[in-house]
Asks: 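Submitted below is the structure of interest, expressed as structure tokens.
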2 protein chains.
Amino acid sequence: MAKDNKKEPLPPDEPELDRRKTSILGTVVYEYIATGEPVGSATLTQKYNLGVSPATVRAEMAALEDEGYLDQPHTSAGRVPSDRGYRYYVDRLIQPEVIGVEERELIRTEIHRARTQLDSAVDHASHVLSNLTRNIAFAVVPRLDNQTYRHLQLIWVNPHRVHVVLVTDLGIAAQTTIDTSSEVDPDQLTRACNNLNAQLAGRSLHDIDVRLLEELTRETPLPADLVHALAGLFTMRDKAEVERRLFAGGANNLLDQQEFRDFRTLRAILELLEEQQTLYRWLQESLQHEGATVSIGHELGSADMNECSVVTIPYKVGDRNAGALGVLGPRRMQYARLLSLVGHVADSLSALFQNEPQP
Amino acid sequence: MAKDNKKEPLPPDEPELDRRKTSILGTVVYEYIATGEPVGSATLTQKYNLGVSPATVRAEMAALEDEGYLDQPHTSAGRVPSDRGYRYYVDRLIQPEVIGVEERELIRTEIHRARTQLDSAVDHASHVLSNLTRNIAFAVVPRLDNQTYRHLQLIWVNPHRVHVVLVTDLGIAAQTTIDTSSEVDPDQLTRACNNLNAQLAGRSLHDIDVRLLEELTRETPLPADLVHALAGLFTMRDKAEVERRLFAGGANNLLDQQEFRDFRTLRAILELLEEQQTLYRWLQESLQHEGATVSIGHELGSADMNECSVVTIPYKVGDRNAGALGVLGPRRMQYARLLSLVGHVADSLSALFQNEPQP
DNA sequence: TTTTAGCAGTCAACACATGAGAGTGCTAAT
DNA sequence: ATTAGCACTCTCATGTGTTGACTGCTAAAA
């Protein structure tokens, strides 16, 4: 159910903090996420019932700073969580936020509204996520592996060009145009196509490779480069194709966040969205894990992204992770809410792809 | 050839300026576009050989300001072109900039590299344009009207769902999934499909409507709602579908421009990109004109866009305007260069779509 | 009559000083 | 071990010159 949030690997020697430190760290993170202002000892004791005086809190905060859980922007400011502080919060302190029924409903309907097109469903999932989180959301369409072959259409365009449309149980899953060096005969193409459809229908795409295709087209031969291109399509090796199937949006939400008033960060993010590679990589990594992955600040590996965090989560087709989606926002994001939201969107997508076979 | 730049309608009573005013206005615009700094009388006489003293220039500039061609940010600043000043410059003073051979070559190869997929070609056109102009570029795929029917594929998914792929002389031109209320028989579907293909191949999509489809499927009947959905596809009435076929990119370039250091403008533009409707409308309007259209500042009709300009241009399929592309940038954009560039990209796209039929 | 030099006036931008406010660390008392 | 009290530090907002760029105006020159 994608609820058992597994996150980034813990630093192996992450110690456990005592009860009072834990409580103070948690409160600081909570308050800072809520207000965006560095939080001081007085604020803390006034707003939250900690049972100790500001002076004690000060001492504890100083200790937490020494241990690297808190930062101090300058001497006379309050404390701000460090990456490590957020990490501790996310790994141990966070409690999942309950998503309101109307939001759950919105997610479901938005995704189902677009269910007729595979791409649209994922696109809508990304959209609804960016709207609900007021952050950047991104998502990638499912890998072909787990889908089952339904129909292949080879469409003759001219003697040297063939359009290919692959339909799986999930819908139109891939399409491309292939240029062949040798000439293709339209009738021959139709026969090969029918042959393949007869033999492959219902089969998992996982099992289809060059050898199998060559074998199946022995009696209804096709140009070698066409067969290879088809195999390439099935195994999704065509990188350019992959990129087009990543959806991202919500950049306009950035400007709400005070941390993005910095043009360096802003530019870094816009470039990230433009090139897509990094987003794609994050999602691929997420496929390796069960449940959500959270990356905080420097963990993203880019100095320009130090003020950002990313939450990613895979969704399933059949029983395997097939695609993923994520949210990119300020490091000071509402982790609890976002984790619940991405979880819910991922579940909805998984459910959609599970139910697809029957009308 | 898209070279005879027709722009926005001139204000009906736009007077002609005398030689010296013209020269000064032109120089101010040129200098301001180059530097981004308000230009003063001294700068002008020093950098350009005007043959008069700063005092004279001052008098002329004051007059130009009275007439609305120039603005003065504040009393002790130089002059800046007003919308009207830019308009006069674009309409009368501009001389087309010659595009370097390596840039022309880049455009051609980028567009041809992606020629196998209709969408890709347009996407790449938009990309190359945004890279060369360092602004936001956007483009829409060609309307179906002028394309000729090549092949329709109706793919049976389940008794109540059919995938549709439409291939024209330009490639895969449209596709969708249709849910039918009454059941569809797979064999029946295949027969209808073959029938349609036999009858419609080579025909202009312009001529295909509901009546024709109903007539052609009389002997190989299909559910009424399926026929209607098909007709809708041919005439591209499905709005949601249309939106997905607009490509836009280059938002990261914004931050180079000093005028976008203002968050209001920035946000307005990011929202524009997100919703796509306005971009789409601009492009549709551009379809009505031959050659490029320039919209400057307030002409865009949004207060948040007062610091922006847009250049759009249609491209052709056959002999009719079928799609369009454009650039959105600061009002202080290099109009001469941009006009040449969009013209060239449009020509390249047109050429691609002209040549497509033969391999 | 048109152009120009000279000059006073205006305004943004920058640097700098000043004070208020928030929050700390330290110390001595509880 | 905790807390009250206090001196200290640093940011931020505000205010005040000072500088520099450019103008408009006027009176002289062409």
Side-chain angles (χ1 to χ4, degrees), chain A residues 17-25 27-32 34-82 85 258-259 261-262 307, chain B residues 17-25 27-32 34-82 85 258-259 261-262 307:
Chain A
L17 296 173
D18 69 47
R19 186 186 216 86
R20 195 166 67 185
K21 281 212 180 68
T22 299
S23 140
I24 289 179
L25 174 57
T27 319
V28 169
V29 173
Y30 182 88
E31 175 71 7
Y32 183 64
T35 66
E37 299 293 323
V39 358
S41 54
T43 326
L44 218 54
T45 48
Q46 277 161 32
K47 282 192 160 178
Y48 304 89
N49 200 347
L50 295 173
V52 287
S53 76
T56 311
V57 172
R58 276 202 290 280
E60 293 288 38
M61 293 214 288
L64 282 167
E65 186 179 350
D66 283 345
E67 298 165 52
Y69 294 97
L70 293 178
D71 282 339
Q72 200 172 19
H74 55 87
T75 351
S76 70
R79 298 311 208 290
V80 160
S82 67
Q258 64 194 59
E259 27 270 286
R261 292 303 160 96
D262 169 46
E307 286 306 313
Chain B
L17 297 172
D18 69 46
R19 186 188 217 86
R20 196 167 66 187
K21 280 213 181 67
T22 299
S23 140
I24 288 179
L25 174 58
T27 319
V28 169
V29 174
Y30 182 88
E31 174 71 7
Y32 183 64
T35 66
E37 298 294 322
V39 358
S41 55
T43 326
L44 218 55
T45 48
Q46 277 160 32
K47 281 193 159 180
Y48 305 89
N49 199 346
L50 295 174
V52 287
S53 76
T56 311
V57 172
R58 276 202 291 280
E60 293 288 40
M61 293 214 291
L64 282 167
E65 186 179 351
D66 283 345
E67 298 165 50
Y69 295 97
L70 292 179
D71 282 340
Q72 199 172 18
H74 55 88
T75 347
S76 70
R79 298 312 206 293
V80 159
S82 67
Q258 65 192 63
E259 27 269 286
R261 292 303 162 95
D262 170 45
E307 287 305 314

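By convention in this document, chain letters (A, B, ...) are assigned in the order of the sequence lines, proteins followed by strands, and residues within each chain are numbered from 1.
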Asks: First and last nucleotide of DNA chain C in contact with chain B, 5' to 3', at under 4.0 Å to a heavy atom: what are they?
Replies: C/dT3 to C/dA12
Asks: Please enumerate all residues that pass side-chain contact (heavy atoms from CB on, under 4.5 Å) together with B/E67, with sequence neighbours excluded.
Replies: B/L17, B/K21, B/A63, B/Y69
Asks: According to salt bridge (charged side-chain N to carboxylate O under 4.0 Å, His left out), who are the partners of B/D66, at least two apart in sequence or on a separate chain?
Replies: none
Asks: Name every residue in residues 48-57 of chain B that has at least one heavy atom under 4.0 Å from any atom of DNA chain C, in order of residue number, or write none if there are no such residues.
Replies: B/V52, B/S53, B/A55, B/T56
Asks: Name all residues meeting the side-chain contact (heavy atoms from CB on, under 4.5 Å) criterion together with A/T35; count only those two or more places apart in sequence or in a different chain, and write none if there are none.
Replies: A/E31, A/E37, A/K47
Asks: List the atom pairs, donor and acceptor, that lie under 3.5 Å between side-chain atoms in residues 49-59 of chain B and the rest of the protein, sequence neighbours left out.
Replies:
| from | atom 1 | to | atom 2 | distance (Å) |
| --- | --- | --- | --- | --- |
| B/S53 | OG | B/A55 | N | 3.3 |
| B/S53 | OG | B/T56 | OG1 | 3.4 |
| B/R58 | NH1 | B/S41 | OG | 3.2 |

Asks: Identify, with sequence neighbours excluded, every residue that meets salt bridge (charged side-chain N to carboxylate O under 4.0 Å, His left out) alongside A/R261.
Replies: none
Asks: Run the side chain to side chain donor-acceptor pair (under 3.5 Å) test against A/E307 and tell me which residues pass, sequence neighbours left out.
Replies: none
Asks: Applying side-chain contact (heavy atoms from CB on, under 4.5 Å), can you list everything that pairs with A/T75, at least two apart in sequence or on another chain?
Replies: none
Asks: Is the side chain of A/Q258 donor-acceptor paired with the backbone N or O of A/G36 at a distance under 3.5 Å, no angle test?
Replies: yes
Asks: Among all residues two or more places apart in sequence or in another chain, which pass the side chain to side chain donor-acceptor pair (under 3.5 Å) test with B/D71?
Replies: none
Asks: Heavy atoms of chain A, cut-off under 4.0 Å: which first and last nucleotide of DNA chain D, 5' to 3', fall inside that, if you could look?
Replies: D/dT2 to D/dT11
Asks: Considering residues at least two apart in sequence or located in another chain, which fulfil the salt bridge (charged side-chain N to carboxylate O under 4.0 Å, His left out) criterion with B/E65?
Replies: B/R79
